[in-house]
Amino acid sequence: MSDNSRMDAFRACVGGFAFGGDYNPEQWDRSVWDEDVALMRRAGVNLVTLGVFAWASLEPEPGRFTFDWMDEVIDLLHANGVSVDLATPTAAPPVWLTDGHPEVHPVMEDGETFGFGNRLHFDPTSPRYREHAARITTALAERYAHHPAVVMWHISNEYGPVPYTPQSAIAFRAWLRRRYGTLAALNDAWYTRFWSQVYTSWDQVNPPEIPRSWSNPTRRLDYKRFVSDALLECFVMERDIVRAHRDDVPILTNFMRFYRHADYWRWAAEEDAAALDIYPDPGHADSHVSAALNFDLMRSLRGEPWLLMEQAASGVSQWRVNNVKRPGQLRLGSYQAIAHGADSVLFFQWRAGRGGHERFHSAMLPHSGTASRTWREVEALGRELPAIAEAVGTVSHAEIAVLFDWNAWWGLTETHGLPRNDFDYPAVVTDHYRPLLQAHHAVDMVNFASDLSGYRVVVVPNAYLVDDRFVEELTRFVHGGGTLVCSFFSGVVDADNQVRQPAYPGAFRELVGCYVDEYWPAREGETFDVAFADGTTTRADFWQDSIHPETATVLASYTSGLLAGRPAVLDNAVGAGRVRYVGTRLAPEALRDLLVAAVADAGVTPLVAGAPPHVEVARRHSPDGPHAYLFLLNHSETETARVAVPADGLDLLAGAPTGGTVALGPLGVAVVRTG
Ligand code: GAL
């Protein structure tokens with residue numbers, strides 16, 4: 001089916017979409033386990049993630065392992081047809097490790113030690129931490145690698161944190177030596193003659209002491225890159241231990257929504273599948289949009305199906321107010337992940353805990369047990385999912401790509417000293433993504449290393465920092481007939497965070513067909529009137545590029561403010577392609593119209609015609625078979641929607657032909673097979 005044989009093997013073992021969640025039997029008496037497996041069977045659970053934070057229960061003293069309970073629970077699960085995603089417990093070091101070796105604790109950005117009592121209280125650069133993580137991983141792999149229930153390995157959990165310790169300084173220097181080779185190259189890249197920061201010995205180079213003062217922006221950027229790599233080294237170390245014992249099952253870890261400390265493009269390349277934990281806030285009507293973006297990102301990281309590793313059955317417990325999911329929202333969010341390429345619906349957690357910080361976090365099996373709405377919805381979903389089992393492993397195709405690159409993110413928000421220092425990169429990208437989602441387009445995310453040749457449209461939101469390779473790829477893409485939509489303050493600096501000369505927008509001057517002599521951040525509350533050449537008017541705020549067209553034509557100009565009469569939006573023909581450049585932050589409707597027009601002009605058609613914006617649409621198709629699966633998701637809590645679909649469509653959940661139209665009730669879902 002695909003060239004990922006480990007994931008193919010996993011799908012074959014699970015037999016359809018994986019359904020289940022984190023299971024923490026170590027928190028419960030043995031007598032509860034029998035009820036657990038009986039209810040898992042009832043709900044159609046076929047996979048649980050075991051042992052995520054169980055280090056203290058598996059190794060209560062250094063080197064003394066207590067595997068009896070784990071042996072018993074894995075056998076019990078196996079006997080009941082539930083497969084195991086076995087976790088290494090290294091996200092939660094036991095107190096004997098941190099008390100015995102205080103250097104395992106990370107020192108955080110503010111100089112405070114991250115003490116015992118939470119989780120993730122480890123410095124990823126600590127040799128002692130790594131030694132102990134390797135020992136427990138080896139012991140687990142030796143014991144369970146060949147257990148027939150174990151079909152996947154889950155390394156640690158949601159990797160963090162960012163350390164500022166003496167040992168992280170040593171590791172940072174080694175990383176810098178690999179990157180730059182010589183101190184002279186580092187001094188050049190970091191522009192250290194500014195403020196007399198020239199280094200004359202490697203020992204002088206330390207992590208950026210952020211809270212104390214402003215610091216060198218390239219040093220800060222490199223520290224972000226380094227920390228992502230240091231965390232990744234921990235993953236790779238454990239992965240390789242497991243791999244040495246078992247080579248044919250997937251090994252991965254779980255990612256977070258918009259996590260700024262790890263470059264997931266680099267991470268996903270080291271894993272057998274991308275996997276995501278997602279907690280859209282049921283109290284926010286728009287939260288499904290950023291969920292969709294994160295799902296598309298997960299699919300794009302490897303261009304393959306991915307795993308929804310955690311979601312909440314209802315409310316979480318970590319926010320100020322933790323709203324419940326409305327009836328139907330659990331089902332809708334689960335199909336939304338599948339629509340964007342997930343091959344699993346997994347939850348944190350199976351059974352709600354009695355104690356601990358997350359005692360009020362929802363679970364598949366709530367405190368009130370089976371006499372609860374949430375359980376009924378979980379059970380119904382587990383029974384329904386086999387109806388679309390044939391769609392597991394299917395892939396997606398998009399003609400539109402949106403840039404989401406961690407270096408672009410770090411450059412814009414983590415290095416300070418810009419004309420304005422309040423950019424929110426995930427929000428910026430989401431603002432460019434939302435109109436495409438709501439116009440029912442399929443979208444991939446790309447990074448600086450991506451091949452753009454398969455796309456018709458590439459959207460580059462506020463990419464202040466871009467590397468040379470991406471500039472070349474983008475230039476080739478546009479010359480070859482592609483459409484680029486690029487927004488202000490893009491192309492400004494190189495990968496070393498140094499301003500590209502001789503004029504803004506540096507890397508994109510030829511593509512955009514203008515130069516910018518100054519960047520003008522808006523005053524607090526300031527807005528600008530903008531008029532398009534076709535007579536439509538709108539507003540803008542936040543920022544103005546002071547644009548001087550060279551080869552571009554003007555699509556819209558300011559009609560108020562100091563830049564009245566000057567260009568706000570440009571259109572430039574380049575080779576066989578074209579570029580729309582947006583030099584300000586347009587009102588959302590104006591940005592929407594511009595994006596939708598640009599993709600239409602590029603010949604991209606939406607997945608369905610005429611559906612309202614609150615109905616989300618995504619499509620998966622078999623890589624080599626005839627079928628496609630159209631997912632229709634109604635995010636309105638009040639409105640019903642009717643959507644036209646291909647006449648030959650079969651509604652798999654209803655088990656009936658569509659006759660060319662699907663009616664979706666509030667929060668309703670349909671999965672339509674065509675072809
Ligand atoms: C995740 C984490 C889980 C649990 C959950 C609560 O980020 O991996 O262990 O804490 O959040 O929402």
Side-chain angles (χ1 to χ4, degrees), residues 18 20-28 47-57 85-94 114 117-122 124 152-162 231 234-235 238 252-262 264 267 271 273-284 287 290-291 294-295 297-298 306-325 329-330 333-334 337 342 344-367 374 378 426:
D22 280 30
Y23 181 38
N24 305 112
E26 70 278 15
Q27 297 170 17
W28 298 92
L47 183 78
V48 294
T49 302
L50 204 58
V52 173
F53 299 114
W55 199 340
S57 303
D85 168 30
L86 188 58
T88 64
T90 50
F114 184 174
N118 194 322
R119 56 183 167 179
L120 294 177
H121 47 284
F122 66 88
M152 177 174 279
W153 282 78
H154 184 294
I155 302 298
S156 194
N157 195 70
E158 295 189 339
Y159 270 98
V162 177
L231 291 165
C234 292
F235 168 82
E238 292 189 29
L252 43 77
T253 188
N254 44 349
F255 293 161
M256 289 170 270
R257 167 190 178 275
F258 291 142
Y259 186 62
R260 73 192 161 105
H261 299 304
Y264 285 156
W267 280 65
E271 305 189 50
L276 180 70
D277 302 346
I278 193 87
Y279 293 94
D281 186 347
H284 285 176
S287 58
S290 90
N294 278 274
F295 297 161
L297 175 62
M298 288 302 122
W306 53 278
L307 295 168
L308 174 62
M309 189 53 81
E310 289 181 21
Q311 65 169 345
S314 188
V316 298
S317 57
Q318 60 265 43
W319 302 330
R320 195 174 63 82
V321 177
N322 300 294
N323 290 125
V324 297
K325 290 189 174 171
Q329 248 177 344
L330 155 63
S334 303
S344 63
V345 174
L346 302 171
F347 296 81
F348 175 84
Q349 52 195 327
W350 162 252
R351 181 185 277 275
R354 290 189 313 280
H357 179 261
E358 292 177 336
R359 63 204 177 285
F360 279 100
H361 196 290
S362 61
M364 301 171 81
L365 187 61
H367 291 141
T374 295
V378 166

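When a ligand or atom number is given, it counts from 1 through the structure's own listing order. Please read all numbers here as calculations on a predicted model, not as lab measurements.
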Option passing side-chain contact (heavy atoms from CB on, under 4.5 Å) with Met309 (candidates Met298, His154, Glu158): His154
Nearest non-hydrogen protein atom to atom 3 (C) of ligand 1, with distance, is Glu310 OE1, 3.3 Å
Polar side chain donor-acceptor pair, Gln311 to Ser334, under 3.5 angstrom: yes
Any chance the side chains of Glu238 and Thr90 put a donor and an acceptor closer than 3.5 Å? yes
Cation-pi between Arg354 and Trp28: NZ/CZ under 6.0 Å from ring centre and within 45° of the ring axis? yes
Asn254 and Glu310: side chain donor to acceptor below 3.5 Å: yes
If we number the atoms of ligand 1 from 1 as shown, the ones under 4.0 Å from a heavy atom of Asp277 are 8 (O)
Just need the protein heavy atom nearest to atom 6 (C) of ligand 1, so name the residue and atom and give the distance. His361 NE2, 3.1 Å
Starting from atom 9 (O) of ligand 1, what is the nearest protein heavy atom, named by residue and atom, and what distance separates them? Arg119 NH1, 2.9 Å
For atom NE2 of His367, is the number of surrounding heavy atoms from other residues, nucleotides or ligands below 6.0 Å larger than 12? yes
Can you tell me which residue and heavy atom of the protein come closest to atom 5 (C) of ligand 1, and the distance to 0.1 Å? Tyr279 OH, 3.4 Å
Heavy-atom nearest neighbour in the protein, as seen from atom 4 (C) of ligand 1, with distance rounded to 0.1 Å: Glu358 OE2, 3.4 Å
Asn157 contact mode with ligand 1 (heavy-atom cut-off under 4.0 Å): side chain
Report yes if some N/O of Asp22 lies less than 3.5 Å from some N/O of ligand 1; otherwise report no. no
I need the atoms of ligand 1 closer than 4.0 Å to a non-hydrogen atom of Glu158, numbered in the order shown. 1 (C), 2 (C), 7 (O), 8 (O)
Report yes or no: does Gln349 have a heavy atom closer than 4.0 Å to ligand 1? no
For this output row, return yes or no: ring centroids of His361 and Tyr279 closer than 6.0 angstrom. yes
Could you verify whether a donor N or O on one side chain and an acceptor N or O on the other, from Arg359 and Ser317, lie under 3.5 Å apart? no
Can you sort out which atoms of ligand 1 are near Phe53, meaning under 4.0 Å from one of its heavy atoms? 9 (O)
Which of the ligand 1 atoms, numbered from 1, are nearer than 4.0 Å to a heavy atom of Gln318: 6 (C), 12 (O)
